[in-house]
Visitor: 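Sending over a structure as structure tokens; questions will come in a sec.
Computed from a prediction, not measured in an experiment: that's the story for all the values here.
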Amino acid sequence: QLPLVESGGGLVQPGGSLRLSCAVSGFTLAYSAIGWFRQAPGKEREGVSCISSSGGYTNYAGSVKGRFTISRDNAKNTVFLQMNSVKPEDTGLYYCAASLTNSGICTRSKDYFGVWGQGTQVIVSS
């Protein structure tokens with residue numbers, strides 16, 4: 001069983017919404033920061049958002065701030081990324097990643113995260 005499994009991707013029209021989920025198994029979500037990353041064809045993987053282990057700290061890329069919301073339900077071992085008002089430039093393979101550090105903050109740097117999912121595809125197109 002993979003430790004992180006993303007779901008919820010798909011084809012959505014510009015201006016629409018999607019909710020991505022990251023299901024965690026094999027480690028304690030409550031002690032882990034989680035990040036969402038995306039990678040478009042031919043581009044580097046970029047950090048979209050992260051949430052601290054407690055959920056009290058979140059961080060967003062400027063390109064998604066005000067449109068995306070990260071949240072977590074430790075009881076359900078799941079982290080979510082609510083994507084609203086999506087744009088074609090939001091298209092990409094979306095990954096969740098875990099940092100097994102019980103800290104009050106997080107960062108969107110790839111180097112901060114050591115456990116990765118396999119991704120879910122998001123396509124924004126009319």
Side-chain angles (χ1 to χ4, degrees):
Q1 191 173 7
L2 297 175
L4 298 174
V5 178
E6 303 92 337
S7 62
L11 175 64
V12 60
Q13 291 189 341
S17 296
L18 274 178
R19 189 193 198 202
L20 305 185
S21 298
C22 173
V24 172
S25 62
F27 62 94
T28 304
L29 177 60
Y31 299 150
S32 306
I34 300 293
W36 281 99
F37 294 78
R38 67 186 179 191
Q39 188 164 18
K43 293 190 175 182
E44 296 242 344
R45 189 173 300 188
E46 64 168 333
V48 174
S49 182
C50 70
I51 186 166
S52 64
S53 56
S54 68
Y57 177 88
T58 58
N59 187 291
Y60 296 92
S63 58
V64 307
K65 194 173 292 185
R67 300 188 297 121
F68 291 10
T69 302
I70 191 170
S71 62
R72 60 194 295 151
D73 186 336
N74 288 345
K76 295 183 178 179
N77 289 329
T78 305
V79 177
F80 304 98
L81 184 69
Q82 179 67 42
M83 305 168 59
N84 296 331
S85 304
V86 296
K87 304 175 181 180
E89 51 263 42
D90 293 323
T91 293
L93 189 59
Y94 281 69
Y95 301 87
C96 64
S99 173
L100 305 184
T101 54
N102 190 11
S103 168
I105 62 170
C106 61
T107 171
R108 289 181 287 110
S109 169
K110 296 189 294 291
D111 296 336
Y112 187 71
F113 298 91
V115 184
W116 291 81
Q118 294 191 320
T120 184
Q121 183 70 48
V122 172
I123 300 173
V124 182
S125 175
S126 55

Visitor: Mind checking side-chain contact (heavy atoms from CB on, under 4.5 Å) for A97 and listing every partner two or more places apart, or none if nothing turns up?
Guide: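 With neighbours one apart ignored, the set is F37, F113, W116.
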Visitor: Each residue besides V5 in its hydrophobic cluster should be listed here, by chain and number; the cluster joins Ile, Leu, Val, Met, Phe, Trp and Tyr at side-chain heavy-atom distances under 4.5 Å.
Guide: L2
Visitor: From E44 CD over to K110 NZ, what is the distance, rounded to the nearest 0.5 angstrom?
Guide: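 E44 atom CD to K110 atom NZ measures 5.5 Å (nearest 0.5 Å).
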Visitor: With sequence neighbours left out, write down each residue that passes side-chain hydrogen bond (donor to acceptor under 3.5 Å, both in side chains) with N74, or none if nothing qualifies.
Guide: R72
Visitor: For S49, what residues pass the side-chain hydrogen bond (donor to acceptor under 3.5 Å, both in side chains) criterion, not counting sequence neighbours?
Guide: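 None.
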Visitor: Check side-chain hydrogen bond (donor to acceptor under 3.5 Å, both in side chains) between S99 and all other residues, then give those that pass, not counting sequence neighbours.
Guide: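 Here the qualifying residues are T101.
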Visitor: Under 3.5 Å, sequence neighbours excluded: what are the donor-acceptor pairs made by side chains of residues 119-126?
Guide:
unit_1	atom_1	unit_2	atom_2	d
T120	OG1	G9	N	3.1
Q121	NE2	G92	O	3.2

Visitor: Sort and list the pairs that fulfil salt bridge (charged side-chain N to carboxylate O under 4.0 Å, His left out) and have at least one residue in residues 45-65, not counting sequence neighbours.
Guide: R38-E46
Visitor: Restricting to side-chain contact (heavy atoms from CB on, under 4.5 Å), what partner residues turn up for S7, sequence neighbours left out?
Guide: S21
Visitor: Just so I know, are the side chains of D73 and F80 near enough to count as touching, which here means a heavy-atom distance under 4.5 Å?
Guide: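 Result yes, sub-4.5 Å side-chain heavy-atom pair found.
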Visitor: Can you list everything that forms a side-chain hydrogen bond (donor to acceptor under 3.5 Å, both in side chains) with Y57? Sequence neighbours excluded, please.
Guide: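 So Y57 forms a side-chain hydrogen bond (donor to acceptor under 3.5 Å, both in side chains) with N59.
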Visitor: By the salt bridge (charged side-chain N to carboxylate O under 4.0 Å, His left out) test, which pairs, at least two apart or in different chains, include something from residues 9-24?
Guide: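 Sorted pair list comes back empty.
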Visitor: Check whether any side-chain heavy atom of V24 lies under 4.5 Å from a side-chain heavy atom of T78, and answer yes or no.
Guide: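 No, every pair of side-chain atoms sits at 4.5 Å or beyond.
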Visitor: Could you list the residues that satisfy side-chain contact (heavy atoms from CB on, under 4.5 Å) with T58, not counting sequence neighbours?
Guide: I51, Y60, I70
Visitor: How many angstroms lie between atom CE of M83 and atom OG1 of T69, to the nearest 0.5 angstrom?
Guide: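 So the gap between those two atoms works out to 11.0 Å.
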Visitor: Can you name the closest pair of heavy atoms from V64 and V48 and give their distance?
Guide: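 Here V64 and V48 meet closest at CG2-O, 3.7 Å.
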Visitor: Kindly write out the residues that satisfy side-chain contact (heavy atoms from CB on, under 4.5 Å) with S85, not counting sequence neighbours, or none if the list is empty.
Guide: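 Expected list: R67.
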Visitor: Taking atom OG of S52 and atom CD1 of I105, what is their separation to the nearest 0.5 Å?
Guide: 9.0 Å
Visitor: Which value, rounded to the nearest 0.5 Å, describes the distance between K43 atom NZ and T91 atom OG1?
Guide: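 Output value for this atom pair is 10.0 Å.
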